[in-house]
There are 2 protein chains.
Amino acid sequence: MTEVNSRRLEIDALRVLWSVRRHGGITRAAEALGLSQSAVSHKIKRLEVSLDCDLLSRKPGAPVFTAAGEDLLDYAKRILGLHDEALLSLTKTPLAGRIALGLTEDTTCTDLARILGRFRRLHPDVAVRTKVRMSLVLRAMLEQGELDAAIVQIFAHEVRPTDIVLFREQLYWVKHSDLALPPSGPIPFLSFDDECFYRQWALDIGQDDDTLLETVFECASAAGIVSAVTSALGVALLNGRHLRPGMDIITNRLPTPPALAYVVRRARKARNPALDTLVAEIENEVSRYGGLTLAS
Amino acid sequence: MTEVNSRRLEIDALRVLWSVRRHGGITRAAEALGLSQSAVSHKIKRLEVSLDCDLLSRKPGAPVFTAAGEDLLDYAKRILGLHDEALLSLTKTPLAGRIALGLTEDTTCTDLARILGRFRRLHPDVAVRTKVRMSLVLRAMLEQGELDAAIVQIFAHEVRPTDIVLFREQLYWVKHSDLALPPSGPIPFLSFDDECFYRQWALDIGQDDDTLLETVFECASAAGIVSAVTSALGVALLNGRHLRPGMDIITNRLPTPPALAYVVRRARKARNPALDTLVAEIENEVSRYGGLTLAS
DNA sequence: ATGTGCTCATCGAAATTTGTCATGTGCGAT
DNA sequence: ATCGCACATGACAAATTTCGATGAGCACAT
């Protein structure tokens, strides 16, 4: 058995482990990290050999990680957090000023909150004011100069060159397995309220003769829409994160929904070094970990 | 400049940095870590290149570490602490019971306190009772079965095969530069009190005709003796850690003092798995970092 | 001014580690 | 039985790290 003294948890090995956790498998983790699938597999194997314990259960239907794997993941998160903060601390410049930042409800959660927390620790003289609104509202605020930057969800084809894409996702027409759609006539539609930027798209295509949608339910939150779908009340447009077991994806009778993107969009203003630094940190995080975790 | 994304602080590089800090230079850090001097030099250089900043000042008379180096050392300490705890957590077995542990005042400080704290976090069902006494007293308590183990200071030649040596140090006869010893006759001796195990040795050799010691000061603490030496009151036996600028080491007229060792000594008892584990952790720490830091 | 001893830096070679490519294995769906 | 997918494995190439030898710089003694 490997001497404990020679054991060490390489930072990259921990990052790989974390990526397997957040991407759900070796192949997708490899893609996110820009490595080959076998490189990730080898890396995890070497880690397991050096620790003399299994980290992945490798059993169909079982959780991906063993108890030891979960234990190590907790440490990995903390070690990687300190590691990344150390790197930032060494390259930081003294910053001061204020940032008005807009976020959607989705993004006021794990990864971005952590990045903001770290940014505040490293740059205590920068005041970050955060407003949480839906994407349409945030875009209007940006145009009106009320915000310095916002993280908004937009149609993928609306991405501007100056936008920084944090996350792409796909919308799906979904319904519950138990819901039988009428062979013809309007389809019952579960609609977000008028602050949801892609509801208008849905309503627009719903005016076509052969794909008539009839709004039977209206709600502002994704949780409400998910609940209505689960209750077989009708059809809804949902992104991948909100799909649940028992939901069918409809590919006939309705046009393919457009792709979405979460982007960091800046106001058209003079440069703000503090904002530059914050945006750079967000970009680096996405690049290093293959994405950000959003709420589901 | 290296992309920030490719930067990473290897655990071994951080350990090397920490070792340079605690051993005072690259050559001694290399010795403590079992690497060649050039390997350590290379490692630090590679770290500096990858971070694009100097960590060591490399100027005679200046502090060994730059401000960036100090910043990184702080993170290194925390990252290494988590790393080592993660390794222990993965190999831990469920332990319960109680340990009666004896420590000297010297050892109730940084490294050992940290090891004990980590042990308690990893094994909350083990009750560690710590008694702080001087070495002679602790040895007596061990013999009487009042302690399961103790960390004591003893003469190097008294180390038993079952002892675990944590630290060796040398004693020196010292006096202040301003103190002129009488050309003949008794030497004024600054003595620890009768709980100090090597005072008897000093008093014994003080009975020889040509190296008569005359006790002119008696104190229980090293701080008190250091103060008396600094006040040019007389000569004392001190270990390397207590040497201060302005102190002369006397090598003539007095016999060479014996070497000392700090050891973990266990009581002659049935095996206690919790104690086995704690002792193993202490041993591993010494091995990994090239020693423990004691109070000075 | 010169010589000595010590610490650290550098070069080239050797050793070790890591990643890629190709391929094999196992499982679930059809 | 066949197919598609995710993961494991072996062999090899590429990258990284360590070692040994040696040079540079500094403080100190003469």
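Here is how names work: the chains are called A, B, and so on, in the same order as the sequence lines, proteins then strands, and each is numbered from 1.
Using modelled atom types, one finds a donor on one side chain and an acceptor on the other under 3.5 Å when comparing D71(B) with S89(A).
For the salt bridge (charged side-chain N to carboxylate O under 4.0 Å, His left out) criterion with D84(B), the lone passing option out of R15(B), R78(B), R114(B) is R15(B).
Rounded to whole Å, atom P of dG20(D) lies 11 Å from atom CG of L35(B). Computed from coordinates, the E31(A) CD to dC7(D) C1' distance equals 13 Å when rounded to whole Å. The distance between atom CG of L47(B) and atom P of dT17(D), rounded to the nearest whole Å, is 10 Å. Across the protein-nucleic acid pair, D12(A) atom CG and dT18(C) atom C1' stand 10 Å apart, rounded to whole Å. Atoms NZ (K43(B)) and C1' (dT16(C)) sit 12 Å apart, rounded to a whole Å. In this structure, R46(A) places its CZ atom 15 Å from C1' of dC7(D), rounding to the nearest Å. Across the protein-nucleic acid pair, I11(A) atom CD1 and dT16(D) atom P stand 17 Å apart, rounded to whole Å.
Looking at E285(B), its side chain never comes within 3.5 Å of a backbone N or O of L112(B) through a donor-acceptor pair. Using a distance-only test at 3.5 Å, with no hydrogens or angles considered, a donor-acceptor pair links the side chain of E48(A) to the main chain of L55(A).
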Provide a list of protein-nucleic acid N or O atom pairs under 3.5 angstrom, restricted to nucleotides 7-12 of chain C.
from    : atom 1 : to     : atom 2 : distance (Å)
dC8(C)  : OP1    : I26(B) : N      : 3.4
dC8(C)  : OP2    : I26(B) : N      : 3.0
dC8(C)  : OP2    : T27(B) : N      : 2.8
dC8(C)  : OP2    : T27(B) : OG1    : 3.0
dA9(C)  : OP1    : R58(B) : NE     : 2.0
dA9(C)  : OP1    : R58(B) : NH2    : 3.2
dA9(C)  : OP2    : S41(B) : OG     : 2.6
dA9(C)  : N7     : Q37(B) : NE2    : 3.2
dA9(C)  : N6     : Q37(B) : OE1    : 3.0
dC11(C) : N4     : H42(B) : NE2    : 2.8

| said: Test side chain to side chain contact (heavy atoms under 4.5 Å, CB included) on Y172(B) and L237(B); report intermediate values, then the result. | reply: CA-CA 5 Å; Y172(B) 302 92; L237(B) 269 178; over 6 Å; no

| request: Under the side chain to side chain contact (heavy atoms under 4.5 Å, CB included) rule, what do L47(B) and V16(B) come out as? Steps first, then yes or no, please. | output: CA-CA 10 Å; L47(B) 193 52; V16(B) 154; over 6 Å; no

